[in-house]
Structure formats: structure tokens, C-alpha cells
Amino acid sequence: MSTYTEDQRKVTTRRLTEMKMRGEKIAMLTAYDYSMAKLIDEAGMDVILVGDSASNVMAGNITTLPITLDQMIYHAKSVIKGVNRALVVCDLPFGSYQGNSKEALASAIRIMKESHAEAVKMEGGAEIRESIERVLSAGIPVMGHLGLTPQSINKFGTYAVRAKEEAEAQKLIEDAKMLEEIGCFAIVLEKIPADLATKVAQMVSVPIIGIGAGGGVDGQVLVMHDMLGINKGFSPRFLRRYADLATIINDAVAHYIDDVKTCDFPNEKEQY
Ligand code: KIV
């Protein structure tokens, strides 16, 4: 079963805007390595995000903060090799762009030059405007990210829903308008009330990609390990699991161990 487009042309930032204009939803998923990126691209994904969630699901860290620029470039380089159609966006990691726009530009240029990713994502609004503008000025497309921004988890102190209060909701709206005005090509809204996300999506012309932001936005993003059921320890309300790979992998590996121990593997046909 598939409803994805037969259009095999390369997805570009411009095509995402066209999709929003004609009301076609945008599908985005994370990937961190060549083999999974290839499968995800072949399935028809529009955007592949090399997320700094690699810090959690690939490196086993509790937060996204420890991952480095070099590590993000390594992941993005691997992903790019497996992708033909999807637009590949790479997260700028914590500490590589906040508070210093020259450093932001240098970090974004390294990602583009060394990994060949096609855009970067940066978390935050007015506080990082100068950094975003500097990156944009070099012709590097920027995807914004507002709401629950995991790189600021130590400031928030909780992964609870953001912007439930009027003041924070108002700031989020102002930030989204600002990101549109300075030239971001899309904005991720994470874990905010659905009504607010819908309002923002109607207010701005750039595509709004939601995660835990309801169905009134222009597209959805999930972390691959969560939606495939590899990472079963994470079950927020917004997550839909499309597979139980943890069980499949566990059973397959247990079967292999059993076959080795009982001398069932390899058999005569499986040797030279
Ligand atoms: O790093 C990531 O995976 C992300 C998504 C949750 C949007 O930023």
C-alpha cells in the first residue's frame, strides 16, 4: 500500500514550497547511515533529516547536546551516498552556531562542503537570528525549528508540550514570521498545541513540518528508530509505530545464536 508520488524528480526546497501551495503533505523522516537512507529514499520519502537525534539513537546519549560537528558530518556523508530523490537536511549541532554568527557560517559551510547535504536545520528564533541570516547569506538553505527545541532541554527542564501559555505562543508566532521573512525555506514545529501549529501553518507561506504538532500543518517528521519500533523506550502520545523491528531483530538474532550453538549453521550448502 502506497500513496506516495510517482514523481521521481529530485526534491528541492522550491518543490517543498510548491507542495505546500497545492496542499500536498510533505513526509520527512530521520536517517543516519547509508543503508537505511537508501531504503527510506527508495520508499519515496520527500525529506531526510540527518538529525542530531543521532546523539540519542546512534550514540546512546541522554540528550542531543554531546554530538559534535565532525560526527554530524560523518552521518550526513553516509546518508547522502544512499539518497537519489529526497532533499537531505543536516542539523547544526549544539555549540556550532549559537551566539556567534561567523562560527555558524563556518559550521554550515563545513556541512555543505564535506557531507554534500543540501540544507541545514537550526533550532531557535530571535535569539539566533543573526546566525541564521549569516548562513542564508552564503546561499545555504536553512530549515528553522521552534517549539520544543531539544538542544535547549537544560533551559526548559522538561520535555513537556511547549507554548501552551499565551506569552510563549505569541513569541513562537513572531519567531515563525521572522524565520519566513529572513528566508528560511521551512520550519519544524515540535510538540506544541495542534491549534497553534495550524494557525502558524496558515499564517506563513513556508512549509511547516510538525512533530507532535497535529495534522493541520504541511508535513510530518518522526525519528526513524521510534517509528520503526527499534527504540521502544520512547512512547510519547504523538508517536505512531509502523513496525516492531526490536522484536523482529531480537527473534532473528536469537534464532542465529541457536543455529550456531546447535551446529545447524552453517549447513553443507553454506560452505565451500
Ligand atoms: O534531531 C531530530 O531528529 C529532529 C527531529 C525530531 C525534528 O530535530
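Counting starts at 1 for both ligands and their atoms, following the listed order. Please read these numbers as outputs of a predicted model, since none were measured by experiment. FYI, side chains are in, hydrogens and waters are out, and symmetry mates aren't considered; it's all heavy atoms of this structure.
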Study note, to complete from the structure: All heavy atoms of Pro141 vs all of Thr13, minimum pair found to be CB-CG2, 3.9 Å
Exercise for review: Find all atoms of ligand 1 within a distance of less than 4.0 Å from any non-hydrogen atom belonging to Ile211, and give their numbers and elements.
Suggested key: 6 (C)
Review point. Got a donor-acceptor contact below 3.5 angstrom from the Asn100 side chain to the Lys102 backbone?
Key: yes
Exercise for review: Please identify each residue that fulfils side-chain contact (heavy atoms from CB on, under 4.5 Å) with Gln151, with sequence neighbours left out.
Suggested key: Asp52, Thr64, Phe94, Tyr97, Gln98, Glu123
Exercise for review: Establish whether Ile111 and Tyr32 are linked, either directly or via other cluster members, by ILVMFWY side-chain heavy-atom contacts under 4.5 Å.
Suggested key: no
Practice item. For Lys38 and Val83, indicate whether the former's side chain and the latter's backbone hold a donor-acceptor pair under 3.5 Å. Key: no
Exercise for review: Report, in ascending order of atom number, the atoms of ligand 1 lying under 4.0 Å from any heavy atom of Lys121.
Suggested key: 4 (C), 8 (O)
Practice item. Return yes or no for this condition: an N or O of Glu190 is under 3.5 Å from an N or O of ligand 1. Key: no
Check your understanding: By number and element, which atoms of ligand 1 are closer than 4.0 Å to a non-hydrogen atom of Leu49?
Key -> 2 (C), 4 (C), 5 (C), 7 (C), 8 (O)
Point to revise | Asp195 bridged to Lys199 by N-O distance under 4.0 Å | key: no
Check your understanding: Is it the side chain, the backbone, both or neither of Asp91 that has a heavy atom closer than 4.0 Å to ligand 1?
Key -> side chain
Point to revise | Per-atom contacts, ligand 1 versus Gly51 - under 4.0 Å to a heavy atom | key: 1 (O), 2 (C), 3 (O)
**Study point:** His145 touching ligand 1 at heavy-atom level, < 4.0 angstrom
**Key:** yes
Revision key, fill the gap. Of all protein heavy atoms, the one nearest atom 2 (C) of ligand 1 is Ser53 OG, 3.3 Å
Check your understanding: Would Asp244 and Lys232 pass as an ion pair if we require N to O under 4.0 Å?
Key -> yes
Practice item. Examine Glu123 against ligand 1 and note whether any of their N/O atoms are separated by less than 3.5 Å. Key: no
Check your understanding: Would you say Thr30 and ligand 1 have an N/O pair spaced under 3.5 Å apart?
Key -> no
Revision key, fill the gap. Those residues at least two apart in sequence (or on a different chain) that pass side chain to side chain donor-acceptor pair (under 3.5 Å) with Asn231 are Asp226
**Study point:** Val223 neighbourhood, listing ligand 1 atoms whose heavy-atom distance to it stays under 4.0 Å
**Key:** 3 (O)
